[in-house]
Amino acid sequence: MLIARNAWFGRRAAAALSDISIARDRATVVFAHSYAARDVFAYAKSRGWTTVLGQIDPGPEHCRIAEQVADQHPEYGSVPELPPPSYFEAWREECRLADWIVVNSEWSRDALAAAGVPCEKLRVVPLPYEPEITGTPRQYPPSFTPQRPLRALFVGTASVIKGVAALLEAIEQLADVPVELTVVGGVSMTVPQRLVDHQTIRWVGAVPRLEVMRYYRHSDVLVFPSLSDGFGMAQVEAQGCGLPIIASRSCGRVVVDGVNGLLLPEVSAAAIAAAIRTVAADPRLLSGFAQHSAPHHQGVTQLGDALLQFEPKATA
């Protein structure tokens, strides 16, 4: 269904381009998103236009990691359905036709390079974000206690590739630490019953966006342990609310380790538990992180601003 829809869109978009009257000698840049750009780019190249591919994810490497971690955590369900070979064959043709490829993180850039995409085509453009609310100074208690535990938050689709299996197992290792975890978002993995019923884990499910903002405001730290993510908007949403973050290194680099949060050395239950222990033992550390948690990454406010950096390439 998804592949057929992408192909349909690509054909329609290419046909629409053919109706546009643009002088052949005019420098023209065509931007299209991955997995639906092949026909668009084929037409654009026939007109001598510059092509820019917006890569929405880390590509084949993401699927490889998803399959690997699912095999490592069979308790959480079977390996997710992966796209057929034709899916990435068409994508590789898109990459061949693209003069430039925009990715949203260094992680995606490295993943595409590992898949054989020429490094000279790749450009990192972080996703833009404008906070919807103004973050207010956070108040942390002198210490976390069973009566006022550390409020850890996960936002997103709960899945193994998002590191949620490791996060849940980390919480199991923290029985001696006053911490509670709230999981906000849908679930796309099998959750063992002991974790469904765990007394310090709260499963909220999917909620409206404004409600998500409320969870950011009323938590102490966001835990974002993704094993592969094109960027991870939850991170900048959290920053917009002044919320410190414990994050993996396999996503957009929003966290500056030791400044506005902690970067995990690896995505494992032990590493996540160690990071949570660190912040739970010293609320002043979180307070310092919160003071540096205003959005600071250099995104772009409009797609046009990003396209200005791409030098037109004439096609013979």
Side-chain angles (χ1 to χ4, degrees), residues 2 56-85 87-88 91 103 105-116 152-175 177 179 181-198 200-203 205 221-232 234-235 245-255 257 261-278:
L2 176 62
I56 64 173
D57 60 20
E61 185 71 3
H62 178 88
C63 291
R64 185 193 68 78
I65 293 171
E67 186 173 27
Q68 179 184 59
V69 298
D71 283 338
Q72 294 170 351
H73 298 276
E75 184 179 14
Y76 297 89
S78 58
V79 175
E81 183 178 359
L82 300 177
Y87 184 75
F88 285 117
W91 170 78
V103 294
S105 64
E106 288 80 0
W107 168 256
S108 286
R109 178 195 62 199
D110 294 345
L112 263 62
L153 174 69
F154 173 86
V155 172
T157 301
S159 63
V160 175
I161 189 67
K162 289 285 189 178
V164 176
L167 173 57
L168 297 176
E169 291 169 6
I171 296 299
E172 287 189 296
Q173 296 179 14
L174 296 170
V177 176
V179 56
L181 171 66
T182 298
V183 180
V184 177
V187 178
S188 65
M189 66 182 192
T190 301
V191 181
Q193 193 61 42
R194 73 179 192 282
L195 295 170
V196 173
D197 299 332
H198 198 285
T200 63
I201 300 175
R202 181 185 178 196
W203 298 90
V221 64
L222 176 76
V223 186
F224 192 83
S226 181
L227 285 139
S228 179
D229 211 295
F231 186 77
Q235 297 181 96
I245 306 166
I246 295 171
S248 77
R249 300 169 187 264
S250 305
C251 55
R253 190 58 56 86
V254 173
V255 172
D257 194 32
L262 297 176
L263 285 175
L264 297 167
E266 63 179 12
V267 179
S268 67
I272 297 171
I276 292 175
R277 281 185 185 277
T278 295

Exercise for the section: Name all residues meeting the salt bridge (charged side-chain N to carboxylate O under 4.0 Å, His left out) criterion together with Glu169; count only those two or more places apart in sequence or in a different chain, and write none if there are none. Expected result: none
Fill in the blank from the handout: Heavy-atom nearest pair, Ala70 first then Pro80, reads CB-CD, 3.8 Å
Exercise for the section: Measure across Val155 and Leu222 and return the closest heavy-atom pair with its distance rounded to 0.1 Å. Expected result: N-CD1, 4.0 Å
Practice task
Decide yes or no for Val221 and Ile276: does some side-chain heavy atom of the first lie under 4.5 Å from some side-chain heavy atom of the second?
Solution key: no
Practice task
Please test Leu181 against Leu168 for side-chain contact (heavy atoms from CB on, under 4.5 Å), starting from the C-alpha separation and ending with a verdict.
Solution key: CA-CA 9 Å; Leu181 171 66; Leu168 297 176; 4.1 Å; yes
Problem - Interatomic distance, Ser188 atom OG to Tyr76 atom OH [nearest 0.5 angstrom] - result: 13.5 Å
Practice task
Salt-bridge test for Glu61 and Arg64: reply yes if a basic N is under 4.0 Å from a carboxylate O, no otherwise.
Solution key: yes
Fill in the blank from the handout: Output for pair (Asp257 CG, Ile245 CD1), nearest 0.5 Å, gives 12.0 Å
Exercise for the section: Answer whether the closest heavy-atom distance between the side chains of Val184 and Leu153 falls below 4.5 Å. Expected result: yes
Completion exercise
In short, Gln235 meets Gly252 closest at the heavy-atom pair NE2-O, 3.1 Å
Problem - CD1-CE distance between Ile161 and Met189, expressed to the nearest 0.5 angstrom - result: 12.0 Å
Show the atom names and distances, to 0.1 Å, of all donor-acceptor pairs under 3.5 Å that link a side chain in residues 106-115 to residues at least two apart or in another chain.
unit_1	atom_1	unit_2	atom_2	d
Trp107	NE1	Ser228	OG	3.2
Ser108	OG	Ser105	OG	3.4

Problem - For Gly261 against Val255, the heavy-atom pair lying closest together - result: C-CG1, 3.7 Å
Handout entry: Rounded distance (nearest 0.5 Å) linking atom CD1 of Ile56 with atom CZ of Phe231
Key = 15.5 Å
Problem - Any side-chain heavy-atom pair of Leu264 and Ile272 under 4.5 Å - result: yes
Practice task
Report the distance from atom CD of Glu266 to atom OG of Ser250, rounding to the nearest 0.5 Å.
Solution key: 11.0 Å
Completion exercise
Here the pair of heavy atoms bringing Leu167 nearest to Phe154 is CD2-CB, 3.9 Å
Problem - Gap separating the OG1 atom of Thr278 from the CD1 atom of Ile246, nearest 0.5 angstrom - result: 8.0 Å
Handout entry: Flag, side chain of His73 to backbone of Glu75, donor-acceptor distance under 3.5 Å
Key = no
Exercise for the section: Search all heavy atoms of Ala273 against all heavy atoms of Gln173 and return the closest pair with its distance. Expected result: CB-OE1, 3.8 Å
Problem - Val187 side chain reached by Val164 side chain, heavy atoms, under 4.5 Å - result: no
Handout entry: Contact check, side chains of Arg253 and Leu263, non-hydrogen atoms, under 4.5 Å
Key = yes
Problem - side-chain contact (heavy atoms from CB on, under 4.5 Å) evaluation trace for Asp229 with Lys162 - result: CA-CA 8 Å; Asp229 211 295; Lys162 289 285 189 178; 2.4 Å; yes
